[in-house]
Amino acid sequence: MDKPITICEFSTRGAQRRRSKPSLVYSQRWKDKAKRSPNKYHHHHKFEGLSVLAHAVSLITSPNQSDSVLSKEKPPKPKRQRIKPRPRVTQQAGPHPPPCLPTQFQDKINGLNGQDLKLVIQKRLSKTDIRPYFARLSIPNGQVRIDFLSKEDHTILEQREANRINYKGMKVPLIEPSLAESTIVLKKWKLGSSTSYMLSSGWQKVAVDNGLETDNIIQLWSFKVNQIVHLALVKL
């Protein structure tokens with residue numbers, strides 16, 4: 001004979017029935033609602049199984065998060081191309097091409113056993129080149145045609161005076177336009193952020209003795225005697 005059902009066992013079975021899964025018809029209805037409104041039913045489902053289903057539907061209907069992140073990434077910047085430095089352009093004054101060194105200067109240099117003849121600059125004399133107040137001939141880097149100094153000469157010209165601002169310079173033999181021989185001081189000259197050269201001490205006397213005036217075209221040549229740099233000044 002079967003054991004009679006007690007009240008406690010009935011109540012337990014009833015609780016189990018209440019916690020059992022819903023019917024298939026009822027579950028299908030909630031699935032349809034979850035598909036139509038996944039955000040609404042994601043947090044308010046009465047059954048845990050349907051909540052998981054609604055969450056899966058929301059992942060299907062919502063845009064892919066990884067795709068959105070990738071779409072926001074900036075495209076890689078193109079590599080910067082190196083700009084090739086422009087060739088140095090020498091400012092030209094006077095006749096072009098520059099005339100050769102006059103014969104009388106060549107004979108003078110040959111008599112000194114001069115070698116390594118170079119045209120340093122051909123320029124038009126400015127007002128500041130002639131005025132006694134400045135007392136110097138500027139040799140701008142933009143007009144210098146070639147490096148005419150040795151490493152030892154550059155080292156000497158880098159030395160500064162006691163004020164640590166001005167350069168000392170060095171004495172250089174000079175052949176004047178009149179073919180007279182004298183000595184002049186060659187210096188480095190700081191002009192803004194760059195440096196140039198200039199002929200300083202002795203220049204004013206050379207300009208007066210040779211009748212140099214503003215707008216005259218002059219040439220400055222360099223040559224070496226026993227590896228010592230010399231200069232020759234020609235008035236065109």
Side-chain angles (χ1 to χ4, degrees), residues 85-94 98 101 105-106 108-210 212 214 216-236:
R86 294 181 179 179
R88 181 176 176 179
V89 179
T90 303
Q91 298 179 9
Q92 182 68 50
L101 185 67
F105 281 88
Q106 292 181 7
K108 187 80 173 180
I109 293 171
N110 292 334
L112 297 172
N113 295 322
Q115 297 178 348
D116 195 17
L117 182 65
K118 297 177 180 178
L119 176 59
V120 177
I121 189 174
Q122 176 176 293
K123 65 167 290 185
R124 187 184 304 275
L125 294 178
S126 63
K127 293 180 180 179
T128 55
D129 290 328
I130 299 300
R131 287 181 182 175
Y133 174 78
F134 297 99
R136 55 108 180 102
L137 172 66
S138 64
I139 309 174
N141 269 336
Q143 300 181 40
V144 174
R145 304 177 65 89
I146 194 170
D147 188 5
F148 60 101
L149 298 172
S150 64
K151 293 182 179 179
E152 292 77 10
D153 295 334
H154 283 292
T155 302
I156 295 173
L157 293 178
E158 287 291 338
Q159 298 177 3
R160 297 181 183 265
E161 297 180 357
N163 59 8
R164 308 298 300 171
I165 299 176
N166 299 327
Y167 294 95
K168 287 185 177 181
M170 64 179 186
K171 292 183 178 181
V172 179
L174 174 70
I175 300 177
E176 301 180 11
S178 61
L179 297 179
E181 297 183 31
S182 61
T183 302
I184 201 165
V185 175
L186 174 66
K187 283 187 176 183
K188 289 191 74 172
W189 180 29
K190 188 170 180 59
L191 183 62
S193 59
S194 61
T195 56
S196 298
Y197 300 106
M198 68 175 178
L199 300 180
S200 57
S201 300
W203 164 251
Q204 190 58 37
K205 185 177 185 304
V206 171
V208 173
D209 292 348
N210 293 271
L212 298 179
T214 304
N216 286 162
I217 304 297
I218 59 100
Q219 287 182 338
L220 186 66
W221 294 77
S222 73
F223 61 97
K224 291 182 180 180
V225 178
N226 297 326
Q227 300 303 316
I228 299 175
V229 64
H230 288 54
L231 297 176
L233 184 68
V234 179
K235 178 183 177 182
L236 299 182

*Which residue pairs pass the ring pair (Phe, Tyr, Trp, His ring centres under 6.0 Å) test when at least one of the two sits in residues 216-236, sequence neighbours left out?*
F223-H230

_Listed partners of K224 passing salt bridge (charged side-chain N to carboxylate O under 4.0 Å, His left out), at least two apart_ = none

*asked:* Given W203, which partner from the list V208, L212, L174 fulfils the side chain to side chain contact (heavy atoms under 4.5 Å, CB included) test?
replied: L212

*asked:* Suppose we screen for salt bridge (charged side-chain N to carboxylate O under 4.0 Å, His left out). Which residues come up paired with K118, at least two apart in sequence or across chains?
replied: D116

*When you measure from the side chain of W189 to the backbone N and O of I139, does any donor-acceptor pair fall under 3.5 Å?*
no

*Heavy atoms only: give me the nearest N141-S196 pair and the separation to one decimal.*
N-OG, 3.4 Å

*Which atoms form the tightest heavy-atom contact between Q204 and R131, and what is the distance?*
OE1-O, 3.7 Å

*Could you pull out all residues at least two apart from F105 that satisfy ring-ring contact (aromatic ring centres under 6.0 Å, His included)?*
none

*How about T183 and S201: do any of their side-chain heavy atoms sit closer than 4.5 Å?*
no

*Indicate the atoms forming the closest heavy-atom contact of Q106 with L101, along with that distance.*
NE2-O, 2.9 Å

*Can you name the salt bridge (charged side-chain N to carboxylate O under 4.0 Å, His left out) partners of E152, sequence neighbours left out?*
none

*Does atom CD of Q227 have more than 12 heavy-atom neighbours from other groups under 6.0 Å away?*
no

*Test item: L149 and Y197 side chains (from C-beta on) under 4.5 Å apart, heavy atoms*: yes

_In the structure I gave you, are the side-chain heavy atoms of T214 and L125 within less than 4.5 Å of one another anywhere?_
no

*Please answer whether the main-chain N or O of A93 pairs with a side-chain N or O of Q122 as donor and acceptor at a distance below 3.5 Å.*
yes

_The criterion is salt bridge (charged side-chain N to carboxylate O under 4.0 Å, His left out); which residues satisfy it with D209, sequence neighbours excluded?_
K205

*Side-chain heavy-atom pair S138, T128 within 4.5 angstrom cut-off*: no

_How close do F148 and L231 get, counting heavy atoms only, and between which atoms?_
CE1-CD2, 4.3 Å

_Validation row: M198, V185 side chains within 4.5 angstrom (heavy atoms)_ = no

*asked:* Looking at every heavy atom in both L233 and L220, which two are closest together, and how far apart are they?
replied: CD1-CD1, 4.1 Å

*Tell me, do I175 and L112 make a side-chain contact under 4.5 Å, heavy atoms counted?*
yes

*Kindly give the heavy-atom pair with the smallest separation between K108 and E181, and that separation in Å.*
CE-OE2, 3.0 Å

